[in-house]
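Only a predicted model underlies this, so the values are computations on that prediction, with no experimental measurement involved. If you read the sequence from its start, that first residue is 1, and numbering goes on from there. Quick note: numbers below take in every heavy atom, side chains included, and nothing from hydrogens, waters or symmetry partners.
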Amino acid sequence: ADVTGVQTCALPIFIVCSNNWWINFNSICNLSINMRLVCISDTHTFHEDVNLPDGDILIHAGDFTNKGGKSDVEDFFGWLMRIKPKYRYILFIAGNHDKCFDEKYSEMNDWLMSDWLAEAIAELEKNDIIYLKDSSIELEGVKFYGMPWTPWFFGEYWAFNKKIGPEMQEKIDMIEPCDVLITHGPPLYTGDLVAREGIHVGCPLLKEKIDEIQPRLHVCGHIHEASGIQLVDRCIHVNASQLNEHYELVNLPYSIELP
């Protein structure tokens with residue numbers, strides 16, 4: 001039962017339970033918890049309404065806007081600054097809705113990849129709020145890698161879409177071995193079931209890469225109705241979508257403890 005308003009899990013054990021129970025369990029097993037990661041995704045401008053627990057690092061796996069409008073981005077950035085005192089670091093990537101972060105839209109709207117966005121990201125980084133795009137960072141001995149790309153889905157309209165094949169493989173090949181992998185979309189067969197159609201829509205190339213590098217934790221979103229935790233081999237996968245398929249805020253943040 002979740003009695004604290006947050007779903008929690010400790011590595012390498014795979015259980016979802018309350019924070020208080022975890023404290024007792026870890027003391028019995030003599031596990032030393034070094035880092036607590038709070039994971040969310042797909043807030044779509046509802047970030048102010050998410051009931052965030054305290055932790056060491058907050059991870060947002062993309063789709064914090066609806067269409068990537070400047071006002072939505074400014075509001076999200078302001079929220080990140082306000083909640084920063086709860087965390088030592090905040091890491092975020094963009095998703096397919098966050099169009100202003102995708103360079104292919106720069107010719108359509110002058111501001112999208114303008115100095116404003118670059119300066120705003122730089123200001124966040126001064127406060128240990130870090131944007132990852134096909135890049136990595138090591139924090140306190142834990143390596144994180146972030147990637148926004150998802151398989152083609154009306155890619156002429158949405159951001160960070162690549163067709164399965166050489167286009168997507170190029171981005172997948174950039175992923176470095178890491179402890180925590182953050183992608184917007186899920187791998188095939190894990191956190192990717194579109195329930196109303198009964199089909200798995202995750203990326204098969206991402207699945208192969210995860211099988212290869214075996215991160216300790218993989219955080220994603222994108223498929224709202226597949227929010228949840230799954231253990232595959234040694235990797236814990238968290239689809240941290242906060243909204244359901246009807247864009248209602250119904251899910252809780254996930255708190256992951258790294259020993």
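The closest donor-acceptor contact from the side chain of His97 to the backbone of Asn66 lies under 3.5 Å. Looking only at distances, no side-chain donor or acceptor of Asp211 sits under 3.5 Å from a matching main-chain atom of Lys209. For Asp102 (side chain) and Asp98 (main-chain N/O), no donor-acceptor pair under 3.5 Å exists by modelled atom type. Side chain of His218 to backbone of His237: no donor-acceptor contact under 3.5 angstrom is found. Of the possible polar contacts, one joining the Asn251 side chain to the Ser241 backbone as a donor-acceptor pair under 3.5 Å is found. Formation of a donor-acceptor pair under 3.5 Å by the His246 side chain with backbone atoms of Glu248 is not found in this model. Without hydrogens or angle criteria, Gln242 side chain to Val50 main chain gives no donor-acceptor distance under 3.5 Å. Asp42 places no side-chain N or O within donor-acceptor distance of the main-chain N or O of His224, the cut-off being under 3.5 Å. A donor-acceptor pair is defined here as one N or O able to donate and one able to accept, closer than 3.5 Å; no such pair exists between the side chain of Thr45 and the backbone of Thr65. Asp192 places no side-chain N or O within 3.5 Å of a backbone atom of Pro186 that could act as its donor or acceptor partner.
Residues Val232 and Ile210 are members of separate hydrophobic clusters, defined by side-chain heavy-atom contacts under 4.5 angstrom among Ile, Leu, Val, Met, Phe, Trp and Tyr. Taking hydrophobic clusters as Ile, Leu, Val, Met, Phe, Trp and Tyr residues chained together by side-chain heavy-atom distances below 4.5 Å, Ile182 does not share a cluster with Leu188. Tyr254 and Leu193 are assigned to two separate hydrophobic clusters, defined by single-linkage of ILVMFWY side chains at heavy-atom distances under 4.5 Å. Leu252 and Ile223 sit in two unconnected hydrophobic clusters of ILVMFWY residues. Membership requires side-chain heavy atoms under 4.5 Å apart, directly or through other members. Cluster annotation: Val219 is not connected to Tyr189 through the hydrophobic network of ILVMFWY side chains, with a link wherever side-chain heavy atoms come within less than 4.5 Å.
The existence of a salt bridge linking Arg88 and Glu140 is confirmed by a sub-4.0 Å separation between a basic side-chain nitrogen and an acidic carboxylate oxygen.
When side chains are defined from C-beta on, Met168 counts as touching Cys203, because their heavy atoms get closer than 4.5 Å. A 4.5 Å side-chain heavy-atom check between Asp63 and His184 finds at least one atom pair inside the cut-off. Between Met35 and Leu37, some side-chain heavy-atom pair lies under the 4.5 Å cut-off. A heavy-atom distance below 4.5 Å is found between the side chains of Val180 and Ile59. Counting heavy atoms from C-beta on, the side chains of Leu181 and Leu217 never come closer than 4.5 Å. With contacts defined as side-chain heavy-atom distances shorter than 4.5 Å, the pair Phe160/Lys133 qualifies. Taking the side chain as every heavy atom from C-beta outward, Pro253 and Pro53 approach each other to under 4.5 Å. Residues Leu258 and Val142 form a side-chain contact, since some pair of their non-hydrogen atoms from C-beta on lies under 4.5 Å apart.
The shortest non-hydrogen separation linking Ala240 to Ser227 is C-OG, 4.3 Å. The nearest pair of heavy atoms linking Ala159 to Gly95 is CB-O, 4.1 Å. Summarising the geometry of Tyr89 relative to Ile130, their closest heavy-atom pair is CD2-CD1, 4.4 Å, with the distance given to 0.1 Å.
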Intermediate values then yes/no, salt bridge (charged side-chain N to carboxylate O under 4.0 Å, His left out), Lys162 and Glu170
CA-CA 10 Å; Lys162 293 291 183 183; Glu170 179 183 5; over 6 Å; no
Go through it in stages, so that I can follow the logic: the residues are Phe101 and Leu117, the test is side chain to side chain contact (heavy atoms under 4.5 Å, CB included), and I'd like the CA-CA distance, side-chain angles, deciding distance and then a yes or no.
CA-CA 8 Å; Phe101 291 80; Leu117 186 57; 4.0 Å; yes
Worked verdict on Lys143 versus Asp179 for salt bridge (charged side-chain N to carboxylate O under 4.0 Å, His left out):
CA-CA 5 Å; Lys143 185 175 181 180; Asp179 299 294; over 6 Å; no
Side chain to side chain contact (heavy atoms under 4.5 Å, CB included) assessment of Arg36 paired with Ile256
CA-CA 6 Å; Arg36 174 169 288 187; Ile256 308 297; over 6 Å; no
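Taking CE of Met174 as the start and NZ of Lys171 as the end, the distance is 5.5 Å to the nearest 0.5 Å. Note that CZ of Phe64 and CD1 of Ile93 are 9.0 Å apart. Values are rounded to the nearest 0.5 Å. Between Ile172 atom CD1 and Glu212 atom CD the span is 10.5 Å, to the nearest 0.5 Å. In this structure, the separation between NE2 on His222 and OG1 on Thr150 is 4.0 Å, given to the nearest 0.5 Å. To the nearest 0.5 Å, atoms SG (Cys178) and CD (Glu176) are separated by 8.0 Å. The OG1 atom of Thr183 sits 5.0 Å away from atom CG of Leu206, with the distance rounded to the nearest 0.5 Å.
If you look at Tyr247 and Phe46, their ring centroids are not closer than 6.0 Å.
The cationic group of Lys99 lies under 6.0 Å from the six-membered ring centre of Tyr157 and within 45° of the ring axis, placing it in a cation-pi geometry.
Other residues, nucleotides and ligands place more than 12 heavy atoms under 6.0 Å from the NZ atom of Lys86.
At a cut-off of 3.5 Å, with distance as the only test, a side-chain donor of Trp149 or Asp134 sits close to an acceptor on the other residue. Under 3.5 Å, the side chains of Thr43 and His60 contain a donor-acceptor pair of N or O atoms.
The one candidate from Phe76, Phe92, Phe77 that meets the ring-ring contact (aromatic ring centres under 6.0 Å, His included) condition with His47 is Phe76.
Lys84 meets the salt bridge (Lys or Arg N to Asp or Glu O under 4.0 Å) test with no other residue; sequence neighbours excluded.
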